[in-house]
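All values below were derived from every heavy atom in this structure, side-chain atoms included, with hydrogens, water molecules and symmetry-related copies excluded.
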Amino acid sequence: MGKYVVNSSIRNIGYQVGTQAGVHRYLMDEPTTVRGTDAGPNPVQYLIGAVNGCLTITAQSVARKYKIKLERFDVRSVGNVVKYTDGTSKVDEIVVNIIFKADIEGEDKNSFLEETLAKCTVHKTLEPGVKFTFNFEQE
């Protein structure tokens, strides 16, 4: 893997931030209820989306490695933000619900899920400071 360079700049419209990662450009903002323009997800939504994306990509990689037929891997996560009296806040918990369909059962299923969690870079990075709860449902 290596290093990743991401550049972000204010756009002077609400709380919009233009971001570029390699050749990809995206927008972050805040909801109108906090004076943003709601032109894009807020940074916490991107953080939670990064967890979902990393888990899904990692699951695909693990499935390919073991020749598992992974037909479905849907992730829905809910992040809880706690606000402190000094005005700061933090994502303190993320509940991750995964529905998947694969041609595995028993110990193979457990090993697949354990390896997916262990190799997901974003989850592994956040895990020391964020409580994760995982719920799995196999079709």
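- In this structure, Asn135 and Val95 have side chains that are in contact, with non-hydrogen atoms separated by less than 4.5 Å.
- Both Val81 and Phe132 are assigned to one and the same hydrophobic cluster, defined by single-linkage of ILVMFWY side chains at heavy-atom distances under 4.5 Å.
- Here the side chain of Asp29 pairs a donor or acceptor atom with the backbone of Ala39 at under 3.5 angstrom.
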Given the rule in the side-chain contact (heavy atoms from CB on, under 4.5 Å) test, do Val130 and Asp92 qualify, once you have shown the distances and angles that lead to the verdict? CA-CA 5 Å; Val130 178; Asp92 70 340; over 6 Å; no
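- The aromatic rings of Tyr46 and Tyr26 are tilted relative to each other, their planes meeting at an angle between 30° and 60°.
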Give the intermediate values and the outcome of side-chain contact (heavy atoms from CB on, under 4.5 Å) for residues Arg72 and Ile99. CA-CA 7 Å; Arg72 178 179 180 190; Ile99 299 173; 3.6 Å; yes
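- With respect to the salt-bridge test (charged N to carboxylate O, under 4.0 angstrom), the residues Lys69 and Glu71 qualify.
- When Ile48, Val51, Thr58 are each tested for a side-chain contact (heavy atoms from CB on, under 4.5 Å) with Val122, only one passes: Val51.
- Using a 4.5 Å heavy-atom cutoff, the side chains of Ile10 and Gln16 are not in contact.
- Remark: side-chain polar atoms of Gln138 are paired, donor with acceptor, to backbone N or O of Ile104 under 3.5 angstrom.
- In this structure, the side chains of Glu30 and Pro43 come closer than 4.5 Å at one or more pairs of heavy atoms.
- Closest approach of Met28 to Ser8, counting heavy atoms only: CE-OG, 4.4 Å.
- Distance NZ/Lys124 to SG/Cys54: 11.0 Å, rounded to 0.5 Å.
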Step by step, would you call Asn97 with Phe136 a side-chain contact (heavy atoms from CB on, under 4.5 Å)? CA-CA 6 Å; Asn97 298 290; Phe136 301 101; over 6 Å; no
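- Side-chain contact of Glu115 with Tyr66: a donor-acceptor pair under 3.5 Å is present, judged by distance alone.
- A donor and an acceptor atom, one from each side chain of Asn52 and Ser77, are located under 3.5 Å apart.
- Looking only at side-chain heavy atoms (C-beta outward), Thr19 and Val6 come within less than 4.5 Å of each other.
- Ring geometry for Phe73 versus Phe100: interplanar angle of 30 to 60°, hence tilted.
- Residues Leu117 and Leu55 are in side-chain contact: their nearest non-hydrogen atoms beyond the backbone lie under 4.5 Å apart.
- Distance alone, capped at 3.5 Å, places no donor-acceptor pair between the Gln60 side chain and the Val62 backbone.
- Looking only at side-chain heavy atoms (C-beta outward), Lys65 and Lys119 come within less than 4.5 Å of each other.
- A 4.5 Å side-chain heavy-atom check between Val75 and Val96 finds at least one atom pair inside the cut-off.
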Please report the C-alpha distance between Leu47 and Leu126 in whole Å, then the side-chain angles of each, then the deciding distance to 0.1 Å, and finally whether the side-chain contact (heavy atoms from CB on, under 4.5 Å) criterion is met. CA-CA 10 Å; Leu47 177 75; Leu126 296 175; 3.9 Å; yes
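- Of the possible donor and acceptor atoms, one in the side chain of Thr125 sits under 3.5 Å from a partner among the backbone N and O of Thr121.
- Within the 4.5 Å cutoff, no side-chain heavy atoms of Thr37 are placed close to those of Tyr15.
- Dense packing is recorded around CD of Glu139, with more than 12 heavy atoms of other residues, nucleotides or ligands lying under 6.0 Å away.
- There is a path of hydrophobic side-chain contacts, each under 4.5 Å, that joins Ile68 to Ile98.
- The structure places CD of Glu114 at 12.0 Å from CZ of Phe134, a figure rounded to the nearest 0.5 Å.
- Contact check on Asp74 versus Arg76 returns no salt bridge, with no Lys/Arg side-chain nitrogen under 4.0 Å from an Asp/Glu carboxylate oxygen.
- To the nearest 0.5 Å, atom NZ of residue Lys83 and atom OG1 of residue Thr85 are 13.0 Å apart.
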